[in-house]
Amino acid sequence: MSELPKTYDPQTVEAKWYRHWMESRCFIADPKSTKPAYSIVIPPPNVTGILHMGHVLNNTIQDILSRKARMEAKEVLWLPGTDHAGIATQVMVEKKIKKEEKLSRHDLGREKFIDRVWEWKEKHGGIIIEQLKRLGASCDWSRERFTMDPAYSRAVAETFVDLFSKGLIYRGKRMVNWCPVSLTALSDEEVNMKPQNGLMYYFKVEVAEDPGVFLTIATTRPETIPGDTAVAINPRDERYAKYIGKHVVRPLPAELALEKKLIPIIGDEQVDFEFGTGVLKVTPAHDKADFEIGQRHKLPVIEVIEANGTMNDLAGSDLKGEERFKARKIAAEKLNELGLLVKEEPYQNNVGFSERADVPIEPRLSEQWFLKYPSVTRAREIAQTGELKFFPERWQKVYEHWLANIQDWCISRQLWWGHRIPVWYRGSEMKCQLDSPGEGWEQDPDVLDTWFSSWLWPFATMDEQTKAKFYPTTVLVSGPDILFFWVARMVMAGIEYTGKQPFSDVYLTGIVRDKVGRKMSKTLGNSPDPLDLISKYSADALRFGVMRSAPLGQDVLFDEQHVELGRNFCTKLWNACRFRQMHGGESEGEITPSLLTSDDKWILLRLDRAIREINSSLAEYKFNEAAQTLYRFFWSEFCDWYLESTKAVLHSDHAPQKQNTLAVMDFVLSHTLRLFHPFLPFITEELWHGLGYQLELPENQGGKSIMFARWPKELDAQFREHYGLDESDEQWTQAKYDLIVAGRNLRREGNIQSSKRVKFIFKPGPDLPAYEIEVFKILLNAESLEVDRSFEPRKGMPNVQSPLGTLCLPLEGLVDIEAEKARLTKELEKISLEIKKVEEKLANPSFTSKVPPAVLEEHRNRLVEWQKKQELVRNALKGLSSE
RNA sequence: GGGCGAUUGGCGCAGCGGUUAGCGCGUCUGCUUUACACGCAGAAUGUCGGGGGUUCGAAUCCCUCAUCGCCCACCA
């Protein structure tokens with residue numbers, strides 16, 4: 001047993017053990033193992049990513065699950081990797097090249113640019129992987145995958161070809177969400193609706209057939225007027241139905257309006273006559289709903305906005321070349337000049353923003369690839385049957401709702417970085433296959449949505465042997481923000497391509513927010529760098545702090561104080577172990593049942609309780625509950641009471657008794673360290689070795705680590721019987737501690753400094769062994785404790801009574817008798833009230849007849865307890881008044 | 001417009017049908033008590049958002065209102 005240093009130095013210790021675990025291949029999963037499998041695939045962070053608090057939360061949870069499973073003798077695979085993150089990475093490298101070399105990607109050309117991205121990736125990519133290691137993540141790094149690995153890319157392409165051949169992938173000219181900054185189409189999931197304060201413009205158009213008759217149209221986008229090819233009204237709208245079939249003069253572009261360019265008035269059910277004026281301008285080229293109306297009425301499509309968001313020639317000379325928002329203002333001004341603008345009103349509407357570039361998306365007609373999702377029915381079914389379980393449960397409904405309303409997925413992106421679409425063209429011929437059909441065939445220039453590769457992650461990352469052992473995986477831990485993007489799609493891909501759902505449990509974490517509840521974000525600058533926190537407090541502290549404050553599925557309000565608490569806790573753990581070590585003796589000696597003290601029994605029972613609670617919490621993924629229990633057990637029970645009580649033995653010279661106490665301490669500590677290990681991997685490993693605890697597996701099996709120590713099981717009936725433990729021990733000891741607290745209060749009432757040792761007199765109820773007297777003495781910080789059966793405290797002598805006896809502090813005159821009387825009277829009132837409450841319940845026949853016997857019993861016991869207490873307080877009060 | 005979550009001491013949260021409603025931070029008092037001041041001992045602070053209901057019993061279940069926050073939805 002090497003001596004533990006006085007202070008714990010997490011920085012060197014954490015680095016040391018991580019290196020050791022790696023060198024001992026502790027994290028490597030063996031597909032040939034006969035142990036039951038437990039597997040998790042990491043949600044692959046962006047290769048450009050750096051660790052943020054969300055990753056800390058997410059990966060700590062996965063690490064806890066993995067480490068616990070290893071201790072439960074399972075063969076664990078936690079498979080790590082990164083995602084190529086199409087747009088994010090491309091934009092990042094583009095910016096870098098622009099800045100450093102003043103070149104655009106077009107200057108470089110596609111191939112050269114992609115080479116540059118790869119270069120960047122090799123050099124700087126995957127910083128986050130190193131950061132995860134600092135956190136302590138026990139991933140099998142030998143299996144690290146990247147979504148652009150050759151084998152993985154092959155799988156992506158094969159999937160495309162397969163879905164194409166099944167007729168689920170098709171190409172079509174459709175209205176898509178277009179990002180005018182990234183210059184690519186986006187899926188519906190990549191668009192975020194944001195309320196915007198804008199204006200509603202009302203303008204009028206003249207009915208050509210009825211000169212002097214004007215219709216007023218409300219729009220938020222006057223710049224699209226040049227693209228209007230109809231005006232629509234609801235045929236049931238009595239105000240306007242008569243105009244259907246007539247025409248109006250389209251006011252813009254002005255030059256065409258002068259020529260009396262007309263567009264038809266059509267009737268369409270889709271028009272809401274309650275909204276605006278009930279007259280809708282129809283711009284099939286720039287609005288999804290309008291496009292559909294256009295299809296129904298075979299309206300021409302006039303595009304007036306270019307891909308980059310500027311107006312084109314067809315928008316007319318006034319707007320041409322203008323940026324779309326500027327064009328809006330100009331269009332309004334123009335209408336005003338023409339005397340057609342009726343009014344402008346402030347208006348709030350929801351506008352779709354590109355998730356990536358954070359600019360309003362432009363609905364745009366373009367040729368894209370779409371996927372009709374496979375295995376949708378089955379994906380819904382498994383959520384309904386419970387084959388796929390969500391934690392917290394409520395996400396199941398969200399998942400089902402999404403699947404029920406699922407739309408085809410636009411999977412093509414006009415980017416360079418990503419998986420190129422495996423489709424080749426030669427003239428009007430088209431072929432969908434993995435490799436080029438040969439000379440003269442050109443590959444589709446588009447790449448696939450990044451999620452079209454991520455959805456294969458749980459199985460495309462595994463070779464056949466690995467899959468045989470570890471697929472399907474056990475649990476998926478993810479943020480709810482990617483439930484649709486990723487989780488739901490993985491389920492469908494899993495079912496479609498492996499015939500199995502890719503995981504049975506889905507744990508959705510909360511979102512980490514700052515302490516005022518805002519989402520952590522780079523722009524707000526409110527996201528602390530986890531690496532700084534690790535340097536300042538240690539990885540264990542960070543993990544524990546986050547886990548302790550992260551209830552299942554609730555958002556986590558992050559506050560550095562949580563980490564501080566984690567750090568303090570580690571220090572406490574360290575010092576308690578040092579305390580054990582200072583008393584020497586061999587590690588983990590035999591426990592002799594006959595030598596167990598009441599405190600020993602109490603702590604063993606408490607340990608048992610803690611183990612049960614922790615196991616049931618973890619089974620439901622309630623990590624904060626488990627962390628709380630650990631905290632309470634170790635600090636408030638083990639350190640505050642048990643360790644203090646052992647001083648009675650350890651300061652004595654009864655060697656066998658001392659040995660026995662140390663053995664109990666070791667038993668509890670070794671269990672505690674193991675319970676803590678998934679949460680605090682580093683410090684527990686250091687202490688496990690420092691205290692010389694049993695190293696469960698032979699070294700050649702990577703076993704020289706607490707990582708593979710047996711996960712604690714509850715202390716079963718046999719154990720309890722062997723050591724003579726039962727609940728009455730627990731109650732008795734609890735009563736002892738209660739009396740000690742009361743005794744400590746006496747000191748306070750007597751205004752005695754807590755450092756000062758004083759004499760107590762104890763009048764025992766039943767006889768107490770010398771050991772118990774010693775415990776009283778130590779825990780009361782008493783100079784001496786005189787036991788006197790016949791002692792009667794005189795009036796004014798502070799004393800406190802309990803079923804175990806009366807404890808007196810023989811300092812006369814220090815207590816204000818009247819104040820004490822008042823205090824006791826008040827207490828008595830409180831007790832009487834409680835007694836009345838319980839008595840009333842027990843006297844109520846509807847209560848006694850309906851309630852289960854156990855509850856009844858509990859109430860009866862409670863009544864007895866209260867009555868006892870009442871008796872004691874009454875006596876004390878009598879003692880004060882009588883003399 | 002639909003759906004979901006939150007509302008508990010100064011702050012942040014547990015508890016989700018049956019103990020005197022817990023915990024951490026903060027506050028107050030006293031302590032360098034030979035494991036730990038990142039600590040020890042003690043204390044104070046709550047008609048559990050409002051209203052109604054179910055029940056022998058509600059912070060906990062139901063209804064309703066209010067406030068805040070998410071998600072989904074083609075209202076120009």
Side-chain angles (χ1 to χ4, degrees), chain A residues 4 6-8 175 193 200 217-221 224 232 270-272 274-277 279-283 287-292 349-350 352 363 392 394-395 397-398 401-402 405 480-481 483-484 511 513 515 517 519 537 541 548-549 551 553-557 559 561-562 564-583 622 624-625 628 631-632 636 639-640 643-644 647 741 744-745 747-749 751-757 778-779 781 830-831 833-834 837-838 840-841 844-852 854-856 858-859 861-862 865-866:
Chain A
L4 296 172
K6 190 160 163 45
T7 51
Y8 174 56
M175 191 59 79
M193 300 307 268
M200 180 69 88
I217 300 175
T219 180
T220 52
R221 301 202 64 187
T224 62
Q270 200 176 307
V271 180
D272 177 354
E274 308 260 302
F275 189 89
T277 58
V279 186
L280 173 70
K281 69 189 231 10
V282 183
T283 326
D287 184 278
K288 207 177 169 208
D290 290 5
F291 177 71
E292 283 162 21
N349 63 343
N350 278 323
R394 64 188 147 89
W395 291 110
K397 269 183 279 177
V398 180
H401 182 254
W402 185 76
N405 297 291
D481 47 338
L483 178 61
F484 309 140
I511 290 169
R513 300 175 179 281
K515 58 179 165 185
K519 206 165 163 174
Y537 298 103
R548 201 176 154 287
S549 57
Q554 283 304 123
D555 286 356
V556 185
L557 291 204
D559 188 329
Q561 278 187 339
H562 292 139
E564 208 174 314
L565 179 108
R567 190 261 325 259
N568 295 353
F569 188 79
C570 289
T571 307
K572 188 76 177 173
L573 185 62
W574 183 259
N575 282 307
C577 289
R578 274 181 60 229
F579 175 81
R580 158 65 190 94
Q581 200 181 48
M582 281 172 156
H583 292 93
K622 292 183 173 170
N624 76 313
E625 223 176 70
Q628 294 262 26
Y631 187 94
R632 189 212 65 222
S636 312
C639 291
D640 288 354
L643 276 193
E644 293 305 318
K647 290 175 182 172
V741 170
R744 284 169 178 166
N745 270 315
R747 304 177 57 114
R748 181 170 165 70
E749 280 156 34
N751 256 325
I752 297 167
Q753 295 199 324
S754 45
S755 59
K756 189 166 178 200
R757 305 207 145 172
I778 287 181
L779 295 188
N781 194 26
K830 205 174 118 189
I831 293 171
L833 205 79
E834 290 301 330
K837 252 163 66 181
V838 184
E840 268 171 17
K841 270 190 172 180
N844 184 345
S846 47
F847 173 73
T848 46
S849 62
K850 280 183 186 170
V851 142
V855 175
L856 210 56
E858 211 179 291
H859 277 77
N861 289 339
R862 205 189 308 158
E865 288 292 308
W866 280 116

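Residue numbers start from 1 in every chain, and the chains themselves are labelled A, B, ... in the order their sequence lines are given, proteins ahead of strands.
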Under 4.0 Å, counting only non-hydrogen atoms across every strand here, what does A/D640 touch: a base, just sugar-phosphate, or nothing?
sugar-phosphate

Can you tell if the side chain of A/T220 reaches within under 4.5 Å of the side chain of A/N349, non-hydrogen atoms only?
yes

Select base, sugar-phosphate, or nothing to describe what A/W866 touches, counting heavy atoms under 4.0 Å on all strands.
base

So what does A/N745 hit on the nucleic acid, given a heavy-atom distance under 4.0 Å: a base, only sugar-phosphate, or nothing?
sugar-phosphate

Quiz item: A/R394 side-chain donor-acceptor pair to B/rC4 base, under 3.5 Å
no

Is the shortest side-chain N to carboxylate O distance from A/E834 to A/K837 below 4.0 Å?
yes

If you only use heavy atoms from C-beta on, which nucleotide in B/rC25, B/rA76, B/rC74 is closest to the side chain of A/Q561?
B/rC25

Counting the atoms with a prime plus P, OP1 and OP2 as sugar-phosphate, which does A/V282 contact under 4.0 Å by heavy atoms, base, sugar-phosphate, or nothing?
nothing

CG-OG1 distance between A/D287 and A/T219, expressed to the nearest 0.5 angstrom
9.0 Å

If you measure from the C1' atom in B/rG2 to the same atom in B/rG46, how many Å do you get, rounded?
37 Å

Can you tell me how far C1' in B/rU54 sits from the matching atom in B/rC61, rounded to whole Å?
8 Å

A/V855 versus A/H859: any side-chain heavy-atom pair under 4.5 Å?
yes

For a quick check of understanding: with a heavy-atom distance under 4.0 Å over all strands, which category does A/E644 fall into, base, sugar-phosphate or nothing?
base

Within the 4.0 Å heavy-atom criterion, would you say A/K281 contacts the bases, only the backbone, or no part of the nucleic acid?
nothing

Between B/rU8 and B/rU60, how far is it from one C1' atom to the other, in whole Å?
11 Å

How is A/Y8 classified with respect to the nucleic acid when contacts are heavy atoms under 4.0 Å: base, sugar-phosphate, or nothing?
nothing

Rounded P spacing from B/rA14 to B/rC23 in Å
16 Å

